[in-house]
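Below is one structure, written out as structure tokens; comments come after it.
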Amino acid sequence: MDTAPTHGPNTDMLSGLPEGVLHRIMSFLTLRQAVQTCVLSHRWRNLWRSMPHINADYKQFMVMGMVVTQAGDEALVLFKRFVNRLLELRDPVASMDKFCLWYLISDDKDDDTDSQDDDNDDDTDSQDAVANRWIGHALQKQARVVEVDVELVYADLKPLVLDHSVFTSCHLTKILFCNVILGDGFFKQLKTGCPALEDLSLDLCIISDDEISSQTLKVLTITGTKFSMEHRTSISTPSVTSLTLWSPDGMVVLKDIASVVTASVKLTNDLVSDGSDARGLRQYLWTLSGVKNLEFHYLVTNLDMKLTIKSNLQLCPKFNNLVNLTLGQWCLDANFYALIVFMQNSPRLEKLTLKLDPFRHQTSQRIIGELNERSFTCGHLKIVEVQCSENDPRANHVVNFFVSTGMTSAQIHIKH
Amino acid sequence: MAAATDDAGDSNEMIRVVSSDGEHFEMPEAAANLSLVLRHMIEDDCADAAGIPLAVVAAKPLAKIVDYCTKHAAKSSGLTIEEAEELKRFDAEFIEVDTDMLYDLLVAADFMGVEGLSKLAVQRTADLIKGKTPEQNRETFGIVNDFTPEEEEEICKENEWAFQITKPPSRLC
């Protein structure tokens, strides 16, 4: 490099940067401003046409000072026109690396006459069709990452119905969807059409398939998602090492998750089999027997529904690999029933974290059961961390409990 | 200093680097590892007492980069919330530099493969561009408008769609 450090105020600095750096700078601008750099100079004129990272966010098109619903509609019209143009005028040989879409659903699709003749008119295409077309375009351009985050103007509007026929790509490695409906056949399409997919994250989605199965997925995150009420949904992802399943709404069976190292599971009582039967809970725990790091919560929506654990039911398997364990307050119920069972079955445990809900001090019991054998030895346990609000009386109970098993109070940390 | 090549991993070895203008710098191995280029050199046993030469990085930006890497390497794993916030403050102060230095950091971080710093400098540059007119941006970064009036008119016309709503294109070119 010519090392003349005096750039001076009139020396063009940015334009000398490698294209990759300029593209990265543009990815931090709004989409509109990124395109607008074309007027700066020759160097910049066509840079936007090959931007590999497209952040299409309808919020950048909101006009300030308008009622939200109206502003949303206006923004959507401008947004759709803009993105359509951008994709149309992009360099046809430039590949796309990442396509992130923040979309808004503002109308009731059932009233929509979807089959408009003039497909070319952007504004009369259904909202779903537009988004699906863009996603398809990104996949055709070899996008590695596709993120789709949908907001609904009214909570009762139907989320984006994804057209899964476009999901054929050997480049796609990561998907992130929020507020999206994945209709029949979606997961089959992913399995056959996207052989490089490793990371799938679904938040607030609706799944109708009865099987989620993939040989390639390594990270699977499903939060706040609805499953079919008519059948069980099985998850068979033998290569997944990191699994997050929070509050699945529906009956989910973990079938083949043999490679999972780290798992975070939150279950709600009315959805674990029949609520009052601990066998559903047991089934989850047994499929997770190989994990090294586990966070497990059992939440209660209906306090009248109590979980009865029969004395001959082996709630936990032997967690022979378990090193880090995090449990919610449910483990303190019925005289520390679940906590003791976990301790008895985790011979390699080094760190235990208890997250106690600050809003439910009273120990309303979620579990009914009695343990015949309450002793345990956890030779490797070094740290117990209790996360709770200040003045939570349960913290002291936990400290006393562990001190009575031979731990020193220096090993027990309380965090507020 | 002995050759910093014996032990891989968490050694306390110091790594020497030499700027394009011949100045020597030292940083812990963990700090040097934040640079992809330096890490590969260390792995290939190229780090010796003479120092790794960095042909395209001058002393001024290199001093900053050594500072950045040393700070970030010291606080890499298991950050508490306070430490993370402190690091964020450090970053914010660190990148408050003039456009000359910003340019040097963009080039050097990209060349040395220091991902965190690269992102920081890119984000800072984008923040400087945001919300400004093309003319203001030309001024900040010394970009010369090398279009002929005819070209300018053509560009404004073909990209009119991207300028609608915010401001009429005639005022922007």
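Between chain B and the options A/Leu29, A/Val35, A/Leu40, heavy-atom pairs under 4.5 Å are most frequent for A/Leu40. Of the listed residues (B/Leu102, B/Val122, B/Asn159, B/Leu106), the greatest number of heavy-atom pairs within a distance under 4.5 Å of chain A belongs to B/Val122. Ranked by heavy-atom pairs under 4.5 Å with chain B, the list A/Thr37, A/Leu22, A/Ile25 is led by A/Ile25.
There is a side-chain donor-acceptor pair under 3.5 Å between A/Ser106 and A/Gln127. For B/His24 and B/Glu26, the side-chain atoms include no donor-acceptor pair closer than 3.5 Å. A side-chain N or O of B/Asn145 and one of B/Glu152 form a donor-acceptor pair less than 3.5 Å apart.
Each ring-ring contact (aromatic ring centres under 6.0 Å, His included) pair with one or both residues in residues 24-54 of chain A, not counting sequence neighbours, appears once here: A/His42-B/Phe147, A/Trp48-B/Trp161.
Looking at B/Lys60, neither its backbone nor its side chain comes within 4.5 Å of chain A, counting heavy atoms on both sides. Residue B/Asp146 touches chain A through both its backbone and its side chain, counting heavy-atom pairs closer than 4.5 Å. Contact of A/Leu86 with chain B is made through backbone and side chain together, with heavy-atom distances under 4.5 Å.
Salt bridge annotation for B/Glu160-B/Lys157: absent, with no cationic side-chain nitrogen under 4.0 angstrom from a carboxylate oxygen.
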